[in-house]
**Q** 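One structure, pasted below without further comment.
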Amino acid sequence: MALLEVTGLHVEFRTRDGTVPAVSGVSYRVDAGETLAVLGESGSGKSVTAQAVMGILDSPPGRITAGRVLFRGQDLLTLKEERRRRIRGAEMAMIFQDALSALNPVLTVGAQLGEMFTVHRGMSRKAARAEAVRLMDRVGIPAAKDRAGDYPHQFSGGMRQRIMIAMALALEPALIIADEPTTALDVTVQAQVMDLLAELRRELAMGLVLITHDLGVVADVADRIVVMYAGRIVESAPVRDIYRRPAHPYTEGLLESVPRVDRKGRELYAIKGLPPNPRRIPPGCAFHPRCPRAREVCRTEVPPQFEVAPERTSACFFWRETPGGTGAPDGTEMRGGTEMPGGTETPGGTRAPGGTEEGDG
Amino acid sequence: MAERPAEPILEVRDLVKHYPLTRGVLFKKRTGAVRAVDGVSFELAAGETLGIVGESGCGKSTVARTLVHLERPTAGRIRYRGEDITRLSGRALKAVRRNIQMVFQDPYTSLNPRMTVGDIVGEPYEIHPEAAPKGDRRRRVRELLEVVGLDPDYAGRYPHQFSGGQRQRIGIARGLALRPEIIVADEPVSALDVSVQAQVVNLMERLQAEFGLAYLFIAHDLSVVRHISDRVAVMYLGRLAETGTDTEIYEHPTHPYTRALLSAVPRPDPAARARRARIPLAGEVPSPAHPPSGCRFRTRCWKARERCAREVPELAVPEAYRASGGPAAHPSACHFAAEPDEPDEPYGTGEAGRGA
Ligand SMILES: Nc1ncnc2c1ncn2[C@@H]1O[C@H](COP(=O)(O)OP(=O)(O)OP(=O)(O)O)[C@@H](O)[C@H]1O
Ligand SMILES: Nc1ncnc2c1ncn2[C@@H]1O[C@H](COP(=O)(O)OP(=O)(O)OP(=O)(O)O)[C@@H](O)[C@H]1O
Ligand code: SF4
Ligand code: SF4
Ligand SMILES: [Mg+2]
Ligand SMILES: [Mg+2]
């Protein structure tokens, strides 16, 4: 059983200027001990998906209009808020980009960490305090005992992020969702934070959903990747395959845009045009106005998820022409209007019905 | 790579910026100082890009702000075309400021939300009316928008109607309004997506070629800095650790901090995972109010010895390389820059930063 399985999630925001379809049918899964990276254009729905999973969606105006979020087999979306609240923090936790605004500025970090244990575990204040210090020590805060009495602003950015991680880990959750946990940090501190997360994931067999823009970080730590564009998953694959042979034109463009030494002095590759306005997502394939491979059909029809290889999908009609598709066996259409060959619906990027061969020829 | 002309357009000598630390509400007592920038020297040639990298809080933005006169330096000199502009004021200062413009990091907060894009881009003309006659401003603003790849008809819209990359273009258009020779760009692409980042970097390079601009380009992303820079300066705790051409810094770093920094850059190549070896930096960054004696990096340096606590290393080409030349012969502020001893963990040299 997957630790987390999101299926066909739809989220929209009702605002004064109309409805924004922020997430339009997202499916992914995470197993215990696995790191799933969520990549994608700014505004593509990465954070909103995470908020829906955590049950912290800003609603109203946000609303989940369809989908399932199975966590250890139970559908979180049908649970009572009280029950969800207990799962949140104890079994699944979130790390935000901006630690300073996520921590309480008028409480010492020791008190904030301790609260996790008094509230969720019914520990005494004293025991909770000791646990807090142990956690701070664990995430590498030097002289943890002396610093437990300090306030968030007295720590550097990297240390605050560690305290956020300590907070998320306090109750040893089975799943952590980290939304751009290192974007605000410089590379040396970023490396420390990512190492820490990787170590804890190994030790506790935690599942980790890592949302990030940083293709370097993803290459370093992820097991699998989903790439989002305009509220959908456009590609899903094991980390190695996607970097070598992307199977969706947007992923291709993203990888091409990264500066490389051997291209110094030349223009960087840039995906033409601009990210879509979420209120006016283009019909058909949302990427078509920017896509170098686009053809007539792309303007009118929404591409379903094609199975490129086992554990690999691409939402592109012409995935066979991409590096990920060349030489690969025929794709099986998996979802979106057509009948599933095997019957049951599977979330994007997972086991495909019918044995197709490895697409990496 | 740009040939370096003999005459630098901008010359910074021993720049110091200290922020006083005070205690007390009524009678402020000075208790010390944050030594944000503590003796930095560099030059910038016309049409050249100098990249500045370094840990958060090492003083990069402070350097940038003193160059555009948003801060007054505590000590040191800034020369523009040979003229000391550090203590200028009034008219003379205004004339110089026209030529050195700044582009800020955050496209979401650096633009006034209540001004139209046209007003934002044309604002420098209000401050420097001599730069463009009133009747000509509208046309110029439209031209500037076009130059940075925005529809001139957008002039009447407000910043919130634009995406991050578009807002960054608006900031660049404003930076260009007075036709400056130097643009100080403080993390101009850090807040942007990879795909939008590529567009803005290309735009900056195109404008440089077209208008002969010189850039001081500050960024955290070492691969972007490498792509755009002719030379790179590595900063640590208020001072420069190492300077050189991009190849010298990325392929032949001689300062331990630069090596650690490069080794931490994640590479967008999962196959490199097993091969990569990071140099872990021990401990936290020391407070700039109490920098370590001697070499500021010594509390985290695996090569540190007794001499490092006593003597401040000068930023100079290491003695041993001076005669022989080669890519290692570039300025490095380390007493032992010429000793290629390895840290306990194995590590790759400049390789680590490559392709990242
Ligand atoms: N509270 C809200 N009200 C209205 N619209 C919202 C709200 N929160 C998010 N959205 C919209 O939902 C869409 C998805 O946003 P989301 O924050 O998930 O993007 P993201 O992929 O995380 O982007 P980024 O990389 O910039 O963080 C966007 O178009 C955004 O404008
Ligand atoms: N107005 C100020 N008053 C007091 N201290 C300041 C002030 N501005 C900056 N500092 C301090 O000076 C040091 C250098 O800050 P600066 O903003 O130049 O760093 P930076 O290298 O730009 O960092 P980052 O990469 O995080 O932007 C920091 O320790 C900072 O806290
Ligand atoms: S479906 Fe068409 S427009 Fe969409 S990514 Fe594929 S080729 Fe491009
Ligand atoms: S001078 Fe000493 S402490 Fe400083 S970088 Fe060199 S070896 Fe390290
Ligand atoms: Mg987000
Ligand atoms: Mg800064």
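Residue numbers begin at 1 in each chain, while the letters A, B, ... track the order of the sequences. Source: prediction; values computed, not measured.
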**Q** Can you tell me how far CD of A:Gln192 sits from CG of B:Leu281, rounded to the nearest 0.5 angstrom?
**A**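 With rounding to 0.5 Å, CG (B:Leu281) is 7.0 Å from CD (A:Gln192).
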**Q** How long is the span from the OG atom in B:Ser195 to the OH atom in A:Tyr269, to the nearest 0.5 Å?
**A**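 Going from OG on B:Ser195 over to OH on A:Tyr269, the span is 10.0 Å.
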**Q** What verdict does the side chain to side chain contact (heavy atoms under 4.5 Å, CB included) test give for B:His220 and A:Val187, after you've listed the backbone C-alpha separation in whole Å, the side-chain angles of each residue and the deciding distance to 0.1 Å?
**A** CA-CA 7 Å; B:His220 274 151; A:Val187 286; over 6 Å; no
**Q** Look at B:Arg278 together with A:Asp195 and state whether they make a salt bridge at an N to O cut-off of under 4.0 Å.
**A**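 A salt bridge is present here (some side-chain N lies under 4.0 Å from a carboxylate O).
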**Q** Just give me the residue among A:Ile242, A:Val221, A:Leu254 that pairs up with chain B most often, heavy atom to heavy atom, under 4.5 Å.
**A**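 So the answer, after comparing A:Ile242, A:Val221, A:Leu254, is A:Val221.
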**Q** B:Gln208: which residues meet the side-chain contact (heavy atoms from CB on, under 4.5 Å) condition with it, sequence neighbours left out?
**A**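 Expected list: B:Thr49, B:Tyr215.
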**Q** Using the rule given for side chain to side chain contact (heavy atoms under 4.5 Å, CB included), can you reason through B:Gln197 versus A:Ser257, listing the C-alpha separation, both sets of side-chain angles and the distance that settles it, and then say yes or no?
**A** CA-CA 8 Å; B:Gln197 173 182 294; A:Ser257 307; over 6 Å; no
**Q** Could you look at A:Glu256 and say if it's the side chain, the backbone, both or neither that has a heavy atom under 4.5 Å from chain B?
**A**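 Contact with chain B involves no heavy atom of A:Glu256 at all.
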**Q** Quick check: closest heavy atoms across B:His227 and A:Lys264, and the distance to 0.1 Å?
**A**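 The pair with the smallest heavy-atom distance is O-NZ, 3.5 Å.
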**Q** Nearest 0.5 Å, what's the CG-CD1 distance between A:Leu268 and B:Ile228?
**A**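 Rounded to the nearest 0.5 Å, the CG-CD1 separation comes to 8.5 Å.
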**Q** Would A:Lys272 and B:Gln199 satisfy side chain to side chain contact (heavy atoms under 4.5 Å, CB included), going step by step from the backbone distance to the final call?
**A** CA-CA 8 Å; A:Lys272 69 176 183 192; B:Gln199 292 177 338; 5.7 Å; no
**Q** Roughly how far, to the nearest 0.5 Å, is OG of B:Ser223 from CG of A:Leu215?
**A**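 Between A:Leu215 CG and B:Ser223 OG, I get 10.0 Å after rounding to 0.5 Å.
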**Q** Hey, is the main chain of A:Glu41 close enough, under 3.5 Å, to the side chain of B:Asp193 for a donor-acceptor pair?
**A**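 No.
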**Q** Between A:Val218 and chain B, with a heavy-atom cut-off of 4.5 Å, which part of the residue counts as in contact: side chain, backbone, both or neither?
**A**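 For A:Val218, backbone heavy atoms alone lie under 4.5 Å from chain B.
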**Q** Tell me if the CZ atom of A:Arg232 is crowded by more than 12 foreign heavy atoms within 6.0 Å.
**A**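 Open.
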**Q** Would the number of heavy atoms belonging to other residues, nucleotides or ligands and lying under 6.0 Å from CZ of A:Arg293 be above 12?
**A**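 Correct, the count exceeds 12.
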**Q** Without placing hydrogens or testing angles, list every side-chain donor-acceptor pair under 3.5 Å for residues 51-61 of chain B, not counting sequence neighbours.
**A**
from    : atom 1 : to       : atom 2 : distance (Å)
B:Glu55 : OE1    : B:Arg300 : NH1    : 3.1
B:Glu55 : OE2    : A:Thr188 : OG1    : 3.2
B:Glu55 : OE2    : B:Arg300 : NH1    : 3.3
B:Lys60 : NZ     : B:Gly54  : O      : 2.8
B:Lys60 : NZ     : B:Glu55  : O      : 3.1
B:Ser61 : OG     : B:Asp186 : OD2    : 2.7

**Q** Check whether B:Val194 gets within reach of chain A through its side chain, its backbone, both or neither, counting any heavy atom under 4.5 Å.
**A**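 Interface part for B:Val194: both.
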**Q** Quick one: does A:Asp220's side chain have a donor or acceptor within less than 3.5 Å of a partner on B:Pro266's backbone?
**A**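 Looks like no, no N/O pair under 3.5 Å.
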**Q** If you look at every heavy atom in A:Ala219 and B:Arg267, which pair is closest and at what distance?
**A**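 Of all heavy-atom pairs spanning A:Ala219 and B:Arg267, the closest is CB-O, 3.2 Å.
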**Q** So, for A:Val258 and B:Pro268, which heavy atoms are closest and what is the spacing to 0.1 Å?
**A**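 A:Val258 and B:Pro268 have their closest heavy atoms at CG1-CG, 4.1 Å.
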